[in-house]
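When a ligand or atom number is given, it counts from 1 through the structure's own listing order.
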Amino acid sequence: MSAEIIDGKALSASIKEDLKGRAAEFEGAYGRKVGLAVIKVGDNPASEIYVRNKIRSCEEVGVKSFSYNLPSEATEDELIELIDALNEDANVDGILVQLPLPAGLNEKKILARISPEKDADGFHAVNAGGLLLGLPCTKPCTPAGIIELIRSTGTKIAGKHAVVIGRSNIVGKPVAVLLLGENATVTICHSKTVDLPSITRQADILVAAVGIKEFVRGDMVKEGAVVIDVGMNRCDGKLYGDVNFPEASAKASYITPVPGGVGPMTVTMLIRNTVEAAFRCKKS
Ligand code: GUN
């Protein structure tokens with residue numbers, strides 16, 4: 001089998017078209033643009049690229065971005081003061097703090113400071129807890145994007161065996177919960193899993209979020225599987241996924257490329273979360 005490529009860029013573009021309309025509707029109704037505050041601390045090169053993409057997507061959709069670049073020596077108090085001000089700012093509907101933060105800054109404490117209503121990333125404990133309990137909440141962007149990518153293939157998720165490799169708070173754990181919410185049978189694998197390939201070979205849906213270049217080889221993929229590659233491994237200036245694309249695409253029915261798969265969807269889900277937060281705030 002030669003897999004069909006799931007075009008994250010195209011799916012992203014069509015969702016952004018819809019969001020453009022909703023952002024314009026918000027502006028028409030409330031006399032201001034939807035606003036997203038983007039905070040970057042330090043000069044991590046990957047973060048620079050991600051933040052630039054997020055700001056560019058805001059512009060495309062008609063969301064106003066408020067960009068804050070703090071030096072790597074910024075203190076926790078300074079960052080918290082900024083978050084407090086943005087929590088109170090009526091022109092800001094969403095706030096994100098780009099991760100990772102420089103060493104010495106307490107990520108948990110800082111993320112907890114963002115008002116859950118303005119938590120565009122869905123990282124706040126209130127939203128993470130809401131996700132687990134099936135309550136209305138802001139869903140984390142990469143996992144939400146992954147569900148959209150799988151849906152776009154027409155694959156019925158219910159009853160399928162979904163295997164997630166990776167157990168991070170940003171991707172592995174929440175995507176497993178979302179897949180469970182879609183009635184998949186879910187297995188989470190990680191670095192301590194014994195005979196991991198024997199489990200991934202059972203996956204109808206395989207989500208690779210390990211952070212290791214081309215970790216998933218062809219012999220780890222079931223014939224006909226839907227393969228979602230979350231990897232963003234930079235090596236000698238080139239971007240590599242967590243999946244060996246030529247090998248896996250020889251087995252899979254559908255596969256996401258890197259770049260152009262999950263990445264664009266993460267950004268689009270961030271904008272969607274922000275637009276939804278803006279409307280929700282006006283209704284409450
Ligand atoms: N760093 C890597 N992925 C993400 C993300 O989705 N959001 C934020 N804020 N930081 C990240």
Donor-acceptor under 3.5 Å ([X] side chain, [Y] main chain):
X    : Y    : answer
D236 : K238 : no
Q202 : S198 : yes
S253 : G224 : yes
S2   : A250 : no

When you look for heavy atoms under 4.0 Å from ligand 1, do you find them on the side chain of [X], its backbone, both, or neither?
X    : result
L96  : side chain
V97  : backbone
M232 : neither

Thinking salt bridges, do E60 and K20 make one under a 4.0 Å N-O criterion? no
When you measure from atom 4 (C) of ligand 1 to every protein heavy atom, which one gives the shortest distance, and what is it?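 I find the closest protein heavy atom is Q98 NE2, 4.1 Å.
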Closest protein heavy atom to atom 9 (N) of ligand 1, given as residue, atom name and distance to 0.1 Å: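 The protein heavy atom lying closest is D121 OD2, 2.6 Å.
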Assess M269 for proximity to ligand 1: is some non-hydrogen atom of it under 4.0 Å away?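 No, M269 has no heavy atoms under 4.0 Å from ligand 1.
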Could you check whether any heavy atom of Y50 sits closer than 4.0 Å to an atom of ligand 1, since that is the contact criterion I want to use?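 False for this residue.
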Are I165 and I228 linked, directly or through intermediate hydrophobic residues, by side-chain heavy-atom contacts shorter than 4.5 Å (ILVMFWY only)? no
Do I199 and L180 share a hydrophobic cluster, counting only Ile, Leu, Val, Met, Phe, Trp and Tyr and linking them when any side-chain heavy atoms are less than 4.5 Å apart? no
Does any N or O atom in L99 lie less than 3.5 angstrom from one in ligand 1, N or O only? yes
Per-atom contacts of ligand 1 with F123, taking only distances under 4.0 Å to non-hydrogen atoms: 5 (C), 6 (O), 7 (N), 8 (C), 9 (N)
